[in-house]
2 protein chains.
Amino acid sequence: MRGNLFAVAVDLVILTVRSGGLHVLLVRRRTPPFAGEHALPGGFVRPREDLLDTATRELADETGLTGVGHHLEQLASYAAPGRDPRGRVLTVGHLALVPDLALPTAGSDAAGAWHAVADRAEPLAFDHDHILADGVERARAKLEYTTLAASFCPPEFTVAQLRRVYEAVWGTPLDPRNFQRKVTSTEGFLVPTARTVSRGRGRPAQLFRRGPATALHPPMLRDP
Amino acid sequence: MRGNLFAVAVDLVILTVRSGGLHVLLVRRRTPPFAGEHALPGGFVRPREDLLDTATRELADETGLTGVGHHLEQLASYAAPGRDPRGRVLTVGHLALVPDLALPTAGSDAAGAWHAVADRAEPLAFDHDHILADGVERARAKLEYTTLAASFCPPEFTVAQLRRVYEAVWGTPLDPRNFQRKVTSTEGFLVPTARTVSRGRGRPAQLFRRGPATALHPPMLRDP
DNA sequence: CCAAAAGTGTTTATAATACACCCATGC
DNA sequence: GCATGGGTGTATTATAAACACTTTTGG
């Protein structure tokens with residue numbers, strides 16, 4: 001039946017928004033191949049694990065995130081011959097969108113660090129530049145027609161925080177007033193809480209939670 | 001490094017539009033497991049092949065299609081433990097959108113046949129029902145924000161043919177007059193040819209080719 | 001001539017943009 | 001008070017939907 005077997009890994013493109021830009025979590029490799037170079041966090045799939053289980057485990061290892069509040073989805077698989085000098089390795093790239101959080105300074109193993117996606121000099125190990133590019137492209141596209149932007153925010157957030165996510169990911173300023181009405185009037189996007197929060201000067205902002213909706217459905221050629 | 005190795009396969013969700021509905025190309029399995037049952041066409045990745053190479057080769061085997069004129073993209077990978085009784089097999093699902101074509105009655109090996117996606121009774125082999133559902137969902141979604149619908153049409157086609165594709169995939173009738181103006185006024189969607197074609201009675205229709213555009217970009221929260 | 005399908009023009013509704021203005025807080 | 005960011009109202013503009021109407025063929 002077989003004849004050619006693959007090792008199967010899961011690599012993670014973990015994105016967040018901080019200081020006005022998109023950032024990715026990278027680790028520095030300690031062992032060959034590509035020792036000393038930056039790479040996406042990842043690991044091999046264990047015997048009785050499904051792909052999403054592996055990704056969830058790796059995400060928890062790197063960020064401490066468990067359960068809900070973030071977004072994790074499969075991105076694509078990469079298996080070009082020669083992409084790993086050790087032999088035939090297929091990696092299933094995953095995309096995670098998480099709030100800006102304090103990374104565990106993990107005494108255990110290789111701790112990750114946030115790197116601005118826009119200005120990075122050196123290339124990543126393996127074909128991870130390619131995987132990262134695919135992940136960023138997918139994230140940008142998905143903000144347009146889903147409510148995923150809220151995954152970059154903490155559990156409770158203001159409309160301004162959400163707006164800064166869009167501005168950071170797309171690199172364009174948005175009109176705060178139109179943005180406000182757009183997101184608050186989109187059914188199922190935001191769930192209002194009674195609480196407000198005061199950010200230094202200015203009127204206190206209302207706090208929201210993520211709503212149940214996922215797709216935003218702009219009309220294309222459809223009839224109502 | 002490894003310890004747990006996978007066989008890696010590529011399975012194809014080959015979709016077309018015929019007689020007013022979405023159809024999928026299925027083969028009947030001749031060997032265990034699931035001998036005699038319907039399944040998505042597929043096969044194992046060869047030693048020096050990349051995933052898209054395998055998918056392209058399988059698509060040519062099943063449909064005779066080579067080169068351009070159709071659409072082929074990676075869908076997702078499936079590797080749940082136990083999905084294949086023979087052992088650990090990861091399959092990379094691919095989605096192909098092709099014109100309604102005469103299938104090669106392939107004397108060689110298991111010939112495929114078109115099956116309406118809407119009304120199928122028996123479940124498919126392995127987790128292929130799941131992969132098929134993902135493929136159909138992706139195809140429906142992509143028609144909304146890309147110009148991929150033209151991949152279901154032959155190299156030259158009329159606006160009415162293109163409209164029937166949308167109507168079949170979404171299951172809703174569209175206004176022929178508004179549809180006409182929408183697609184002909186969308187930059188890069190259709191390239192007009194000088195030729196026309198007469199379909200029985202009625203005014204002859206102009207023939208078009210696929211244009212270079214891929215995304216349709218409905219505005220969401222963006223500023224111009 | 002009539003029926004049928006292709007294609008255009010025009011009106012109406014709906015949604016997106018621009019921007020004036022009010023609200024609630026810290027200092 | 002006044003600067004600052006939050007939030008609402010409204011005019012303008014673009015786009016989508018509805019549909020009357022013209023065009024070009026086959027019978």
Side-chain angles (χ1 to χ4, degrees), chain A residues 20 143-145 147 150 153 156-168 170 172-209 213 215-224, chain B residues 20 143-145 147 149 153 156-168 170 172-209 213 215-224:
Chain A
L143 289 214
E144 296 214 14
Y145 58 93
T147 61
C153 297
E156 298 200 339
F157 54 93
T158 67
V159 171
Q161 279 180 277
L162 184 63
R163 175 166 47 82
R164 276 177 218 113
V165 167
Y166 280 95
E167 292 176 330
W170 288 340
T172 57
L174 297 172
D175 186 309
R177 296 151 310 177
N178 290 335
F179 183 86
Q180 175 101 15
R181 226 156 346 105
K182 179 81 184 182
V183 295
T184 53
S185 69
T186 298
E187 195 71 20
F189 197 170
L190 298 179
V191 176
T193 68
R195 317 192 323 110
T196 62
V197 68
S198 192
R199 294 242 185 291
R201 48 193 159 293
R203 173 174 168 177
Q206 206 183 342
L207 282 170
F208 293 86
R209 256 185 257 281
L216 288 178
H217 216 329
M220 145 57 191
L221 292 161
R222 309 202 81 140
D223 274 342
Chain B
L143 289 214
E144 294 214 15
Y145 58 95
T147 62
C153 297
E156 298 199 339
F157 55 92
T158 67
V159 172
Q161 279 179 278
L162 183 64
R163 175 165 47 83
R164 275 176 219 113
V165 166
Y166 281 96
E167 293 176 330
W170 288 339
T172 57
L174 297 172
D175 186 309
R177 299 155 302 182
N178 290 333
F179 183 87
Q180 175 101 15
R181 221 151 355 97
K182 179 83 183 180
V183 295
T184 54
S185 69
T186 297
E187 195 71 20
F189 196 169
L190 299 178
V191 176
T193 68
R195 321 194 316 112
T196 62
V197 68
S198 191
R199 294 243 186 294
R201 47 193 160 295
R203 172 173 171 176
Q206 204 182 342
L207 282 170
F208 293 87
R209 256 186 255 281
L216 287 180
H217 218 327
M220 144 62 188
L221 293 161
R222 307 202 83 137
D223 273 342

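FYI, side chains are in, hydrogens and waters are out, and symmetry mates aren't considered; it's all heavy atoms of this structure. In what follows, every chain begins at residue 1, and chains take the letters A, B, ... in the order their sequences are listed.
- Taking atom OH of residue B/Tyr166 and atom P of nucleotide D/dA16, one finds them 13 Å apart after rounding to whole Å.
- Atom CG of B/Leu174 is separated from atom C1' of D/dA18 by 14 Å (rounded to the nearest Å).
- Distance A/Leu190 CG to D/dG7 C1': 14 Å, rounded to the nearest Å.
- Between the side chain of A/Thr147 and the backbone N or O of A/Phe189 there is no donor-acceptor pair closer than 3.5 Å.
- Taking atom CZ of residue B/Phe157 and atom P of nucleotide C/dA6, one finds them 14 Å apart after rounding to whole Å.
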Output one letter per nucleotide in nucleotides 19-26 of chain D: B when a protein non-hydrogen atom lies under 4.0 Å from the base, S when only the sugar-phosphate is that close, - when neither is.
BB--BBBS
Using a 3.5 Å cut-off and no angle test, enumerate the donor-acceptor pairs between side-chain atoms of residues 198-205 of chain B and protein atoms at least two apart in sequence or in another chain.
{"from": "B/Arg199", "atom 1": "NH2", "to": "B/Gln161", "atom 2": "OE1", "distance (Å)": "3.1"}

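- Rounded to whole Å, atom P of D/dG5 lies 15 Å from atom CD of A/Gln161.
- The CZ atom of A/Arg164 sits 11 Å away from the C1' atom of D/dG6 (whole-angstrom rounding).
- A/Arg209 meets the salt bridge (charged side-chain N to carboxylate O under 4.0 Å, His left out) test with A/Glu156; sequence neighbours excluded.
- By the salt bridge (charged side-chain N to carboxylate O under 4.0 Å, His left out) test, A/Arg163 is found to be paired with A/Glu167, residues two or more places apart in sequence or in another chain being considered.
- Legend: residues meeting side chain to side chain donor-acceptor pair (under 3.5 Å) with A/Arg177, ordered by chain and number and at least two apart, are A/Asp175.
- In this structure, A/Gln180 atom CD and C/dC21 atom P are separated by 20 Å, rounded to whole Å.
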